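So you know, we letter chains A, B, ... as the sequences are listed, proteins then strands, and number each from 1. Remember, predicted model here, so these are calculated numbers, not experimental data.
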Amino acid sequence: MLRYIIKRLGMLVFILFTLSLITFVLSRVVPSEPAKLYAGFRAKPEQVKIVEEKLGLNKPILLQYTYYVRDLLHGDLGISLRTKQPVMQGILTHAPATLELICLAMFFAMIFGVPLGVISAHKENSIIDHSSRLFSVLGVTMPTFWLGLLLQLLFCGVLKIMPLGGRIDTITDLLNPIAHVTGFYTFDALITGNWAALKSALIHLVLPTITLAVYPLGMISRMTRATMLEVLREDYITTARATGFNERKIAFTYALKNAMAPTLTTAGLSIAYMLTSTFYEELIFSWPGLGRYTVYGILNLDYPVIMGVTLLGASFYVIVNLIVDITLVFFDPRIRLE
Amino acid sequence: MFRLKYAAVLITVLALICCISPLNAATKIPKNVLVVASETTISTWDPSVTYDADNMYHFNIYETLLYVNKPGSAETYRPGLAKSWDVSKDGLEWTFQLQKGATFHDGAKFNAAAVKKSFDRSMSLGLGASYLLSPITDIIVIDEYTVKFKLEFAAPLADIISANWGAFIISPKVVDMGEPAAQEWLEAGNDGGSGPYKLAGWKPGEEIKLVKFDEYWRGWNRPEGYLETVIIKIVQDPIVEKQMLDAGAVDIAFSVPLEDFDSVDNAKDTEIIVYDSFMCYSLFMNTERAPLDNKLVRQAIAWAMPYKDIINIGVGGYGIQAKGIIPPGQWSHKKDLFQYQQDLKKAKELMIKAGFPNGIDRALEFVYSAEDAAEEKTAPLIKEALAEIGIDVQIVPINWSQQYAKAAGPEEDRQDLCFVSSWPAMMDPYENISAVLRSEEGFFGFGFAYYKNPKLDELIDTANTLTITDPDKALKLYHEAYDISVEDAPAAWLMHPKRIIPKKIILKGDGLERHPLYNWVDFYYHMWKEM
């Protein structure tokens, strides 16, 4: 397995190198004025020249790319033209908010999606099955931003029982500031015993989590149902029934384990989808995460941010899928990673 | 395993119910706390470098030697860190007598040496608005609380300093860190100011927190009290800002949709305040490209503009038609400057005279900033009006960065027409008009018209050197330049929108109106709540 992991990580390096080249070339081809963006729109030509010198924009393209790769190898993703802050710092600052959302959304997608899929398969063609399938289709086809706006309108605008956005109530944060440990507000509030902040953070997570979870929930439920149907038709299941095991034990103990492999793969792919969904969602819910950071970067043609987030996103995707592949081995010993 | 899953689901649902109950509402904001919803993010924490709308935060952390008052005030300027100042007869030497007893947030003493260090830093960095300080040749410390500025020519130094950009006074301890250490220290979210508020917290893209500086030299003695903590929430969506104001989650919401102004004003605990601003919306025409290189065509476009509709629909009636680029209230504004009105008949006659009796045979590319709601509403009106005189227009909404990059790009890629909102960097008109109309190689500032007129350049350059020593002559020269800017019509000067601020009724004071130049700057020290 170690060889497999090393091989996959090696592929990651190749992917990142290719991506860095593509994004670098694109950032130079798309019309933009990076020096003017950094210096300010009213900057005099001589001030713009100072900035070009500082950022190395007056050097040959190949040299610029060489410096960029050199800095990348040191973990330096450059300086944001808009915020003047290191891009790596910006990513590390904003990432916990997004990761907290993705983790919670995936958690709910799994704990609701898998049982839903199992029940749906077990009661094939029943009303429960049809409802579940309808829900899955809606979840997968509904645009995330539209769902977010709808939930906001209903729960915040009409019913007024949910906050509009942000990670925590402003005054709660002022009076009960959360000590920064991981950047996950819920976790940090929990381990420091800050119950007021924990409650506020959880409330603020409800709508964004539901919005983000609906798609993977639909996918996971559908995939689980499909694979469960196949597994439930296997001979050993028939034997188990004949032996007298109850249906619940058969479904959740024997069948599900063998049906999990495609579901896990689907979950891994969904994480990548969720990462890009946060672009819209974080704008709607004023969530200060990576999605919003990236959108501002795109709107301002802040190419160091665009490139940095692209590379990070690709790494995240590859690593998550590697973890999924490794996990599969534990579910199905027949799988050998080579 | 099954029971565990059920338990997990049950616990999660119960937790959710506990969180929702009691029904969620924003915690009431205390009297001494101000919460603001703003879309302006920080581009730099360095006051010597900032040249963007984020100076709204710097204004409360840093101070300058003096400030400009609203037009119509008894005095043009009011004291800041300088209590008084004198100008030599030739306008080449300015002497400032400084406030005593002021300190910086880091404990450093404010004095003449600190002023010199601060200005020297801005000028040596050469970034941001430092070019405004270019007339300064030397800064001399006369004694501990007296500093003299020597100028290359008789520039309006009071206007330059009261513009604040590049002129914020920064602690000498910060300057002494050297560069780039000082810049890095500031960009990390630290402050070296002397203002009423300190930067107490910053969550990039999310929130900025200011807390009162107890040792602030003006003191905290007002009977109505003060706002001791200011939290600015970064919110990019005007609709969300409005909802936050309705829900009581914020005290001020800077960007509320135009359509909601009435509902905010009619609500029992919110209101809108309206006052004049110096912003100007203009339709710039690419004077280097046919047919817009023809003055008659440009004048025809100026005559075709639906000015009243632009104001009524673009900004809901909250604005006035512009007379040239210089707004009422800014020195040298010409009250009787010629102003175009919509006259399609005249516009068509000019098109015929220009050699386009059947209109123009290609569609002109009309670019505007997609983020600007007023421009979005107004663009179709302009398109329709130009169609009446035979000019077909292709509307291209793009975001501001792209718009700027396009305007600065290769000639063949540039736009024909460009809708831009601009504002003066200082009370003196030179920077305002030169950024827009002065001849430059390439593209600079707000030169979206690519206009080159040596006569206009000469007029404004000369006026700039006479503002202090011979203001009447300078005024005459500026007015001549404005006449040219209207006659030549490199742009259709459309409107000056008013500034509208939706806020809670309990918020009092004039802190929202104290800066005439910059719409977005508020002075929290001059506000309080009545609760």
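Contact of Arg292(A) with chain B is made through the side chain alone, with heavy-atom distances under 4.5 Å. For Ile231(B), the part lying near chain A is the side chain, with the backbone staying farther off; criterion is any non-hydrogen pair under 4.5 Å. For Val33(B), the part lying under 4.5 angstrom from a heavy atom of chain A is the side chain only. In this structure, chain B has a heavy atom under 4.5 Å from the side chain of Leu164(A), while its backbone stays farther away. Contacts between Lys54(A) and chain B at a heavy-atom distance below 4.5 Å involve the side chain alone, from C-beta outward. Looking at Phe155(A), there are no atoms closer than 4.5 Å to chain B (heavy atoms on both sides), in backbone or side chain. Heavy atoms of Gln183(B) lying under 4.5 Å from chain A belong exclusively to its side chain. At a 4.5 Å heavy-atom cutoff, the contact between Thr93(A) and chain B is made by side-chain atoms alone. Looking at Glu184(B), neither its backbone nor its side chain comes within 4.5 Å of chain A, counting heavy atoms on both sides. With a 4.5 Å cut-off on non-hydrogen atoms, Thr50(B) does not touch chain A at all.
Between chain B and the residues Thr172(A), Leu174(A), Leu283(A), Leu175(A), the most heavy-atom pairs under 4.5 angstrom are made by Leu174(A). By number of non-hydrogen pairs under 4.5 angstrom with chain B, the leading residue of Ile284(A), Asp302(A), Asp173(A) is Asp173(A). Of the listed residues (Thr44(B), Asp246(B), Thr229(B), Ile29(B)), the one with the most heavy-atom contacts under 4.5 Å to chain A is Ile29(B).
For OH of Tyr296(A), the number of neighbouring non-hydrogen atoms (other residues, nucleotides, ligands) closer than 6.0 Å is greater than 12.
Considering only residues two or more places apart in sequence or on other chains, Tyr185(A) meets the ring-ring contact (aromatic ring centres under 6.0 Å, His included) condition with none of them.
No side-chain donor from either of Asp54(B) and Thr40(B) sits under 3.5 Å from a side-chain acceptor of the other. Defined by atom type and a distance below 3.5 Å, a donor-acceptor pair is present between the side-chain atoms of Tyr131(B) and Glu431(B). Gln236(B) and Ser286(A) form no side-chain donor-acceptor contact under 3.5 Å, judged by distance and modelled atom types alone.
Checking side-chain atoms of Thr278(A) against main-chain N and O of Glu281(A) turns up no donor-acceptor pair under 3.5 Å.
Residues Lys406(B) and Val367(B) approach most closely at CE-CG2, 3.9 Å, considering heavy atoms.
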Checklist entry - What do the steps show when you test Asp251(B) against Lys529(B) for salt bridge (charged side-chain N to carboxylate O under 4.0 Å, His left out), and what is the final call? => result CA-CA 10 Å; Asp251(B) 297 302; Lys529(B) 287 187 190 177; 3.0 Å; yes
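A ring pair (Phe, Tyr, Trp, His ring centres under 6.0 Å) with Phe145(A) is found for exactly one of Phe285(A), Phe279(A), Tyr280(A), namely Tyr280(A).
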